[in-house]
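The structure appears right after this line, and notes come after that.
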Amino acid sequence: MRILFTTAWYPNRKDAGDGVFIQKHARAVARLNDVAVLMVQTDVAVRGLRIEVCPKESRDKSLHEVLVYVPKTRFEIPLITGLLRLFWLMMGYFKGYRFIKKNYWQGERPEVCHVNVLTRAAGLPWLLLKLHHIPYIITEHWSRYAREGAYPDSAMQLRLGRRFVKDASCVCPVSLNLEQNMKKWGLENRHYTRIGNVVDTDTFVPASNAKVGSKVTFVHVSWMRDDSKNISGILRTAARLKEQNQDFHIDFIGEGNDKPKLMEYSRELGLDETVSFLPAKTGRDLAEALQRHDALLMFSNFENQPVSVLEALACGLPVIATKVGTIPAMLAQNRGITVEPGNESELQEVLAAFITTWNRMTDAQRSDRTLAIHRHQYVAERHSPEVIAQQFDVLYRSAVNQTP
């Protein structure tokens, strides 16, 4: 089937980490269908009336990635700025849509649209539904529905969001709490179906050999946004553990706007020898980096279903993370340890206990792969590309069959 992914987030020339989980969904779906991804991004480098269509071909010929860059408004005038921004965004979606039809589908329309992240990405699919009876489904990832003041930006956004959700064939939040929070805002649909994030379980696998090292090494993987990931809280906890003469190391893997100030904060806390900030990694490079560590460490204030946790579990690592989003269910049955968000004292106790336990383990105990395999199987059974592709495919075909 021809599937049009419209999205507000996607890896682009301004931010390579933007919406990587959506790209993984697209790659999974492309195993069974002909997928074209359309993302529109504002860019101050774009001048005048020119709209740049930037096709990015993947190695898989059934996946086409089209990024459209449109001018970014340089002034703020109530109503006028908003209308102008909306105009450029919709022009970008229309131009990208025509490009996809002409270059990939020989002028044919999509059979199903797949909206990723409300609200603007649903505009074109909604029009295609009304004009050509092309159904659409919605996948939502955003934690804004649970954060006070983060949603909506305006009464108009809320009205549009409710309309887009109501008219969708199905809505697929990645977690139960996200579904519940969306419904609290009146985003109602008869068919809510939770479909999780994707992990390449052929790449993210447990290490073949036990890690060799004299100290515990933790790893944190994210795009370094301190308001959500609370990395500064990890750093303060690390400083207190260091004062207790605990022997450990933490590697922070990722990029992001907050990384420079977090690196400076780490230096102020005297953690130069305890903490390392490393470049972002993806795919096999990230899998190999995870395999070299003893546990993943996340201290998020809010989450839905973090891919980094799933990838660490697939590599057999235990995870220490906060009780937010789907994390408690993900870490049940010896897959990890949870702490209360923002509770640095509890995090300190858990990390100290983990270090003590690790130091008392024998080489044979550290080499035991039983728990590692258990964690990997948990992810493979629920989040492999094959599983997710099949789940979406069922929804696509149901949407087509139910649309007049």
Do the non-hydrogen side-chain atoms of [X] and [Y] ever get within less than 4.5 Å of each other?
X      : Y      : result
Leu290 : Val221 : yes
Asn103 : His64  : no
Leu271 : Ile250 : no
Tyr104 : Val66  : yes
Met39  : Asn12  : yes
Glu188 : Lys166 : no

Glu264 vs Arg267, salt bridge (charged side-chain N to carboxylate O under 4.0 Å, His left out): CA-CA, chis, key distance, verdict: CA-CA 5 Å; Glu264 178 60 31; Arg267 286 190 288 269; 2.9 Å; yes

Ring center gap for Phe354 and Phe218 short of 6.0 angstrom: yes

Within the 6.0 Å centroid threshold, strictly below: Tyr396 and His114: yes

Gap between atom [atom2] of [Y] and atom [atom1] of [X] - 0.5 Å precision:
X      : Y      : atom1 : atom2 : value
Tyr265 : Ser232 : OH    : OG    : 6.0 Å
Trp142 : Arg147 : CH2   : CZ    : 8.0 Å
Glu140 : Thr119 : CD    : OG1   : 8.0 Å
Lys215 : Ile355 : NZ    : CD1   : 10.5 Å
Arg120 : Thr7   : CZ    : OG1   : 8.0 Å
Thr139 : Asn197 : OG1   : CG    : 9.5 Å

Whether His25 and Phe392 hold their rings parallel, tilted or perpendicular, with breakpoints at 30° and 60°: perpendicular

Geometric class of the Phe252/Phe277 ring pair [parallel <30°, tilted 30-60°, perpendicular >60°]: parallel

If the threshold is 4.0 Å, N to carboxylate O, is there a salt bridge linking [X] and [Y]?
X      : Y      : value
Asp167 : Lys130 : yes
Asp43  : Arg13  : yes
Lys183 : Glu179 : yes

Worked verdict on Arg85 versus Asp153 for salt bridge (charged side-chain N to carboxylate O under 4.0 Å, His left out): CA-CA 14 Å; Arg85 180 174 179 269; Asp153 291 334; over 6 Å; no

Trp358 backbone acceptor or donor facing Arg366 side chain under 3.5 Å: yes

N/O donor-acceptor pair under 3.5 Å between His376 side chain and Phe204 backbone: yes

Which pair of heavy atoms, one from [X] and one from [Y], lies closest together, and at what distance?
X      : Y      : answer
Asn301 : Asp226 : ND2-O, 4.3 Å
Pro385 : Ala28  : O-CB, 3.8 Å
Leu241 : Ala352 : CD2-CB, 4.0 Å

Set of residues satisfying salt bridge (Lys or Arg N to Asp or Glu O under 4.0 Å) with respect to Lys261, sequence neighbours excluded: Asp258

Pairwise salt bridge (charged side-chain N to carboxylate O under 4.0 Å, His left out) hits with a residue in residues 390-404, at least two apart: Asp393-Arg397

Asp227 CG: over 12 foreign heavy atoms closer than 6.0 Å: yes

More than 12 heavy atoms of other groups within 6.0 Å of Arg284 CZ: no

ring-ring contact (aromatic ring centres under 6.0 Å, His included) involving Trp185 - partner list, sequence neighbours excluded: Tyr151

Passing option when Ile320 is tested against Leu347, Leu296, Thr338 for side-chain contact (heavy atoms from CB on, under 4.5 Å): Leu347

